[in-house]
Amino acid sequence: MSANSSTAAVEPLKSTAGNKSTAGNRGNGGKRSNDGKRKFSRPLVYVLLSLGLLVMSAPFLWMGLSAFKTQSELSASPPVWIPTEWTLENFRQLLDKLDLPLYFMNSVIVAVLVTVSNLVFCSMLGYALAKLNFVGRNKIFGLVLGALMVPGNLMLLPLFVLMSKLQLIDSYAGLVLPFAAGAFGVFLMRQFMQSIPDELLEAARMDGASEWYIFWRIVMPLVKPALATLSIFTFLGSWNNFVWPLIATNDPDKYTLPVALATFATDPNKAGGSNGMLMAGAFLIVLPVLVVFIALQRHFTQGIATAGMK
């Protein structure tokens, strides 16, 4: 009787152990299946990303290589990718026919002033919207979001009329002031500053720190990734801006580099159908942007990854 009862008691234990073993095998099988899928999908993702990178970078590679080609290689059929004879003749001809240092300096002045003003003003407004409590804060942020939805070209005519009334046409102020602060910069800085703990700022206020001191000495050092991200976007947009400088400048001495190169390309007496000079000019336009991006790349990726986290 006792032997039968002990045998009956052991049977459920064996059954339970068997079920656990089966479940464990199934779990291991599922884990192996997922690992196999990951091993298969990861190389595929790398291949697709590499193809996308090649497609995106091909025009820039063609432009950079063509700037150092001879005229015969530029007009060769089939096209020649890598120059067999590297030359700087295109750059020499461009410098002879175009006052490149003047236009380059104009672009640098405008882009640097626009970038610095955006860093200062967008950071101030972003700090106010993120960390200060005042009446109408949410409504102001709603206006910022609404401004993001307005096409930039829609504002060209009102801006031109305003700059004309202020007599700022053909001046650096007329090129800088309309873009001294942007809705995107305010949104980016506000979202990033929300991740700063309120307790840190309250502790500074309890120690007697003013809002100005908190903003410059505590908040600004903590948002360097966002500042780097905003710097790249703003500098890139200002450096490549073509429509507004074309509208707001009548004096050739105030042309920025994209406007000067475009007017040079449409002048048959200067360009003369030389694609090599145009490629050299385009290469010089892209080069400063690449330098800025490479210098701030680490902060840029960190700013993009953490913006909006709270």
Side-chain angles (χ1 to χ4, degrees), residues 108-152 154-155 159 173 175-241 244 288-310:
V108 169
I109 292 173
V110 173
V112 169
L113 290 177
V114 169
T115 302
V116 172
S117 62
N118 269 268
L119 292 179
V120 174
F121 298 133
C122 293
S123 299
M124 288 181 176
L125 188 52
Y127 173 73
L129 293 175
K131 295 302 178 182
L132 300 181
N133 293 319
F134 57 90
V135 178
R137 184 181 70 169
N138 293 333
K139 293 182 180 179
I140 294 176
F141 183 62
L143 290 175
V144 172
L145 294 179
L148 285 171
M149 304 175 190
V150 178
L154 193 64
M155 302 300 296
L159 284 175
L175 296 174
V176 173
L177 287 179
F179 307 97
F184 171 76
V186 175
F187 174 78
L188 177 67
M189 298 307 299
R190 186 256 187 189
Q191 294 300 106
F192 200 93
M193 288 180 180
Q194 278 192 321
S195 63
I196 299 175
D198 293 332
E199 294 78 6
L200 179 63
L201 307 185
E202 289 298 330
R205 293 188 182 102
M206 291 179 64
D207 289 338
S210 63
E211 290 296 335
W212 190 254
Y213 182 91
I214 292 172
F215 174 73
W216 281 110
R217 296 300 182 88
I218 298 177
V219 175
M220 292 298 279
L222 293 175
V223 295
K224 286 182 180 179
L227 292 174
T229 303
L230 183 59
S231 298
I232 292 176
F233 279 120
T234 307
F235 186 87
L236 177 62
S238 179
W239 184 267
N240 292 333
N241 194 1
W244 177 249
V289 177
L290 291 178
V291 172
V292 171
F293 179 79
I294 292 172
L296 302 176
Q297 181 182 10
R298 179 172 61 89
H299 298 291
F300 172 75
T301 53
Q302 185 180 355
I304 289 295
T306 56
M309 294 178 60
K310 186 177 180 181

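Count residues from 1 along the sequence.
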Test item: [X] and [Y] side chains (from C-beta on) under 4.5 Å apart, heavy atoms:
| X | Y | value |
| --- | --- | --- |
| Ile196 | Val223 | yes |
| Asn241 | Phe179 | yes |
| Phe192 | Thr229 | no |
| Glu202 | Pro197 | no |
| Val219 | Leu201 | yes |
| Ser123 | Leu227 | yes |

Open item on the list: Tyr127 and side chain to side chain contact (heavy atoms under 4.5 Å, CB included): which single residue from Glu211, Arg190, Met220 fits?
Closed with: Glu211

Open item on the list: Which residue in the set Val114, Val116, Ile109 passes side chain to side chain contact (heavy atoms under 4.5 Å, CB included) when paired with Val176?
Closed with: Val114

Supply the atom-to-atom distance [X] [atom1] to [Y] [atom2], rounded to the nearest 0.5 angstrom.
| X | Y | atom1 | atom2 | value |
| --- | --- | --- | --- | --- |
| Ile140 | Leu125 | CD1 | CG | 7.0 Å |
| Leu119 | Phe121 | CG | CZ | 11.0 Å |
| Phe187 | Leu148 | CZ | CG | 7.0 Å |
| Asn118 | Phe233 | CG | CZ | 13.0 Å |

TODO: Mind checking ring pair (Phe, Tyr, Trp, His ring centres under 6.0 Å) for Phe141 and listing every partner two or more places apart, or none if nothing turns up?
DONE: none

Task: Contacts of Tyr213 that satisfy ring pair (Phe, Tyr, Trp, His ring centres under 6.0 Å) - sequence neighbours left out - done: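 Scan of Tyr213 (ring pair (Phe, Tyr, Trp, His ring centres under 6.0 Å), adjacent residues dropped) gives none.
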
Task: Expected output: side-chain Ser238 to main-chain Thr234 donor-acceptor under 3.5 Å - done: no

TODO: For the residue pair Trp239 and Phe235, categorise the inter-ring angle as parallel (less than 30°), tilted (30 to 60°) or perpendicular (more than 60°).
DONE: parallel

Task: Taking every non-hydrogen atom, the tightest pair across Cys122 and Met189 - done: O-CB, 3.7 Å

TODO: Over all heavy atoms of both residues, which pair between Met193 and Ala130 is shortest? Give the atoms and the distance, please.
DONE: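 Closest approach of Met193 to Ala130: CB-CB, 3.9 Å.
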
Task: Flag if over 12 foreign heavy atoms under 6.0 Å of CZ, Arg137 - done: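 Counting neighbours around CZ of Arg137, more than 12 heavy atoms of other residues, nucleotides or ligands fall under 6.0 Å, so yes.
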
